[in-house]
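As C-alpha cells, the structure follows; a few thoughts come after it.
We're numbering straight along the sequence, starting at 1.
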Amino acid sequence: NIVLGFLYRFIWGANVFLDIDDEELAFTEGGCASSLDIDNDYLVSMKESNLPTRVRDPYWTQVSVGLTKYFQHRTVSNPALANKYQGFIVPHIRDEHKFTRDLLMNRTYRKHYNVPEEAIVVLFFGTPKRHKGLISTAHALSAIDDSRIVFLIVGDFIDMSLKAELISIPGVNYIFLPNQPYENAAEIVSLGDMCVLMQDKTDAISQYQLPAKLIDALASGLKIFLQPTPATEKVSSYFHIETVNENTLTEKLALYIREYDKYIDEIRRIEQYDYFLQ
C-alpha cells in the first residue's frame, strides 16, 4: 500500500493520506523503524538476495514505519498514535443502522448461534491474545460464580495454551465460536450484554491500540468494563463505560450483574417507547 501511495504521488501528483491505526513496531518484538536513505549502511551492505521474502517479516514492517515521514498527510485512530506520528485523529466508525441495541435482534441471533436466550453474555469478539485481558476476565467471572453468565469468545486462538489456561479456570461457562466474516460483525456483537476490555497497560500493542471491539460494543450499546490505556483514555468517560483495573474488576462486574434484571427492564422500556414513536 505504501509503494502504491508513492506511485500515486509521483505519477499523478495525488495527495495521499497515510492511515496508522496500530503501532506496528510493537508486533516486531522491539524492532525500530528502518530508514531507506541512500547512505543507510545496512541497506547498502545488504544484497538483494538476502532481503526477506516474507511480507510479514519484521524487516518490512520496520521499513514501512520508517517511510511514514515521507507522507505529509496522516490520520491515526487515537491520541497515543497522534502524539507519536502527529496525525489527525479519525477513530474507527460503525454503521449505526447495523450496530444497534435491539433485544429482538439479540434473541434472534442467539437462536441462530446456539447461545442461551436468557444468559448474561460477556462477549469477546476478536483475536484472543494474552495482552487483551481474557485471563483476568475469566478469573473475575469465576469469583462471581453466577450460573447465568456465559463467557462467549468469538475468534480463533493462535496461542492454544491460552485457551487451555482459560478452560482450566473453574466456574466459568464458555462458548467458543470460530472466526466470523466481517459482514456478520453486527450479528455477533448483538449476542452480548457486556464486554470486558482489560488491555494490558504495560504492553506496547495495548498502549497504542484503539480496540475495534470497543467501538463495536459502543455502537451496539453493550455495557463496557474498560481498563484505560493512553489510546482509550479519551473514551473512558462515555456512557455505558465503567473504568476498572485488576483490583476493581470483580467488584464492579458483580454489582452490575446483581442489578442486571433492572437494567434489562429499562432497556425494554426504552425500546418499546422508541417503537411507539416510530
Side-chain angles (χ1 to χ4, degrees), residues 21-22 77 91-138 140-141 146 148-160 162-163 166-167 172-199 205-206 209-227 231-232 235 238-242 244 253 256-257 260 263-264 267-268 270-271 274:
D21 71 350
D22 266 319
S77 62
H92 311 317
I93 59 171
R94 295 294 181 268
D95 186 336
E96 64 188 274
H97 300 294
K98 294 180 180 178
F99 289 81
T100 181
R101 184 62 175 170
D102 184 328
L103 282 179
L104 177 60
M105 182 177 177
N106 173 282
R107 296 303 183 253
T108 299
Y109 287 117
R110 283 193 180 189
K111 288 181 181 178
H112 179 74
Y113 289 98
N114 295 315
V115 176
E117 288 187 44
E118 300 305 321
I120 302 173
V121 176
V122 178
L123 174 68
F124 177 89
F125 178 32
T127 304
K129 293 183 178 180
R130 289 192 177 275
H131 73 271
K132 298 184 179 182
L134 280 83
I135 297 295
S136 298
T137 303
L141 298 179
D146 188 324
R148 299 175 298 168
I149 303 173
V150 168
F151 193 4
L152 173 60
I153 299 177
V154 184
D156 291 340
F157 283 79
I158 299 171
D159 179 1
M160 296 308 295
L162 173 59
K163 186 174 184 178
L166 285 167
I167 294 172
V172 183
N173 301 315
Y174 293 103
I175 294 179
F176 297 102
L177 293 178
N179 283 346
Q180 299 295 317
Y182 179 77
E183 56 266 26
N184 293 350
E187 297 178 9
I188 297 299
V189 181
S190 76
L191 301 173
D193 295 299
M194 64 191 82
C195 74
V196 180
L197 301 171
M198 290 293 292
Q199 310 293 104
I205 298 173
S206 297
Q209 190 173 70
L210 179 65
K213 57 185 176 293
L214 169 59
I215 306 304
D216 292 340
L218 273 174
S220 298
L222 273 62
K223 180 69 175 180
I224 300 166
F225 295 86
L226 173 70
Q227 177 163 263
T232 61
V235 301
Y238 284 13
F239 184 61
H240 286 309
I241 294 182
E242 183 86 28
V244 293
L253 261 176
Y256 180 78
I257 289 168
Y260 174 79
Y263 295 136
I264 288 297
I267 291 171
R268 287 195 180 102
I270 292 171
E271 289 187 344
D274 288 345

Do Q199 and T232 come within less than 4.5 Å of each other through their side chains, counting heavy atoms only? no
From I205 atom CD1 to D22 atom CG, the distance as rounded to the nearest 0.5 Å: 8.0 Å
If you compare all heavy atoms of K98 against all heavy atoms of A186, which two are closest, and at what distance to 0.1 Å? O-CB, 3.4 Å
Would you call Y256 and E242 a side-chain contact if the rule is heavy atoms closer than 4.5 Å? no
Write down the atom of L210, the atom of P91, and the distance for their closest heavy-atom approach. CD2-CB, 4.1 Å
Does the plane of the ring in H112 sit parallel, tilted or perpendicular to the ring in Y109? Use 30° and 60° as the thresholds. perpendicular
Side-chain heavy-atom pair P116, I175 within 4.5 angstrom cut-off: yes
Using atom types as modelled and distance alone, determine if a side-chain donor or acceptor of R107 lies under 3.5 Å from a backbone N or O of E117. yes
Backbone of P178 reached by a side-chain donor or acceptor of D156 within 3.5 Å: no
Nearest 0.5 Å, what's the CE-CG distance between M160 and L162? 9.0 Å
Measure across A119 and D193 and return the closest heavy-atom pair with its distance rounded to 0.1 Å. O-OD2, 3.3 Å
Check: V150 and V122 side chains under 4.5 Å, non-hydrogen atoms: no
Can the positive tip of K163 be found less than 6.0 Å from the middle of the six-membered ring of F176, inside 45° of the ring normal? yes
What heavy-atom pair brings Q180 and N184 nearest, and what distance separates the two atoms? OE1-ND2, 4.3 Å
Side-chain atoms of residues 212-226: list all donor-acceptor pairs with protein atoms under 3.5 Å, sequence neighbours left out, distances to 0.1 Å.
from : atom 1 : to   : atom 2 : distance (Å)
D216 : OD1    : R94  : NE     : 2.5
D216 : OD1    : R94  : NH2    : 3.2
S220 : OG     : D216 : O      : 3.2

Show the nearest heavy-atom pair for residues P128 and I153, with the distance to one decimal. CG-CG2, 4.0 Å
With heavy-atom distances below 4.5 Å as the criterion, would you say the side chains of K129 and I158 are in contact? yes
Separation of M198 CE from T137 OG1 (nearest 0.5 Å): 6.5 Å
With a 4.5 Å limit on heavy-atom distance, are the side chains of F99 and V189 in contact? yes
So, does N173 use its side chain to make a donor-acceptor pair with the main chain of I149 at under 3.5 Å? yes
Donor-acceptor contact present, side-chain H131 to main-chain S206, <3.5 Å: no
Please round to the nearest 0.5 Å and tell me the distance separating atom CD1 of I188 and atom CG of L177. 6.0 Å
Atom OH of Y174 and atom CG of L141: how far apart are they, to the nearest 0.5 Å? 7.5 Å
Side chains of L123 and V154: closer than 4.5 Å at any heavy-atom pair? yes
Compare every heavy atom of K132 with every heavy atom of T127, then report the nearest pair and how far apart it is. O-NZ, 3.0 Å
